Amino acid sequence: IDTEAPLITCPPDTSAVVAADSTAAEISWITSFSDNNYVLDSRCTYDEGNFTVGNYSVWCYVWDSSGNNASCTFRVVVSSAPPPGAAASAGSSSVIPAVAGAAGAGLLVLLLLVFILVLRRNQKKKIEAASSGYAELMAMSDEYILERARAIQDALME
């Protein structure tokens, strides 16, 4: 019985810049694996090919014929080319986009919460208006029924 997991080696983290006339960068890699038995399957969470601007964690998995498995991970970072004529900042760092990304994510969450609160408030107003309209309808119906009953009673009494 084979209990030994296969070996898998991911490539190092990689980065690319999207050309000014393109929307994605072509990324390819080689993942190596071996096993003491037979490697049945290997897959990665992303396929090689065109990657748009962003940060990607690529996980690769391998299974052998006995069901043993192994995995590894690497990062793909794709950035956009600076606009033509823009000078690179002397103190630029890759930490700045990460912080801006975190701040942007925080802002996105905040906007989402505000949107949900506005939706709930509008829904509550609609429910209150519908309830009020229903109560008016019910009250008018009762008045109408009483009025019709009185008219019938008056007609019978004549």
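Quick caveat, the model's predicted, so the values are computed rather than measured.
In this view, Ser15 and Val77 satisfy the side chain to side chain contact (heavy atoms under 4.5 Å, CB included) rule, not counting sequence neighbours. Shown here are the ring pair (Phe, Tyr, Trp, His ring centres under 6.0 Å) partners of Trp29, two or more places apart in sequence or in another chain: Phe74. Not counting sequence neighbours, the partners of Tyr56 by the side-chain hydrogen bond (donor to acceptor under 3.5 Å, both in side chains) test are Thr52. With sequence neighbours excluded, the residues satisfying side chain to side chain contact (heavy atoms under 4.5 Å, CB included) with Asp21 are Ala19. With sequence neighbours left out, the salt bridge (charged side-chain N to carboxylate O under 4.0 Å, His left out) criterion links Arg75 to no other residue. By the side-chain hydrogen bond (donor to acceptor under 3.5 Å, both in side chains) test, Asp64 pairs with Asn68, sequence neighbours left out.
Following chains of ILVMFWY side-chain contacts shorter than 4.5 Å, one cannot reach Tyr61 starting from Val76, and the two form parts of different hydrophobic clusters.
Here the closest heavy-atom approach between residue Val58 and residue Cys44 is recorded as CG1-CB, 4.1 Å. Heavy-atom minimum distance, Val18 versus Ala25: CG2-N, 4.0 Å.
How far OH of Tyr46 is from OG of Ser57: 7.5 Å, rounded to the nearest 0.5 Å. Rounding to the nearest 0.5 angstrom, the gap separating the OG1 atom in Thr73 from the CG atom in Asp13 is 8.0 Å. Taken from CZ in Phe33 to OG1 in Thr9, the straight-line distance is 10.5 Å, to the nearest 0.5 Å. Between the OG1 atom in Thr31 and the CZ atom in Arg43 there is a gap of 13.5 Å [rounded to 0.5 Å]. Atoms CD1 and CG, from Ile1 and Asn37 in turn, are 12.0 Å apart once rounded to the nearest 0.5 Å. Atom CG of residue Asp41 and atom CH2 of residue Trp63 lie 5.5 Å apart, to the nearest 0.5 angstrom.
SG distance check for Cys72 and Cys10: under 2.5 Å.
Residues Cys60 and Ile8 form a side-chain contact, since some pair of their non-hydrogen atoms from C-beta on lies under 4.5 Å apart.
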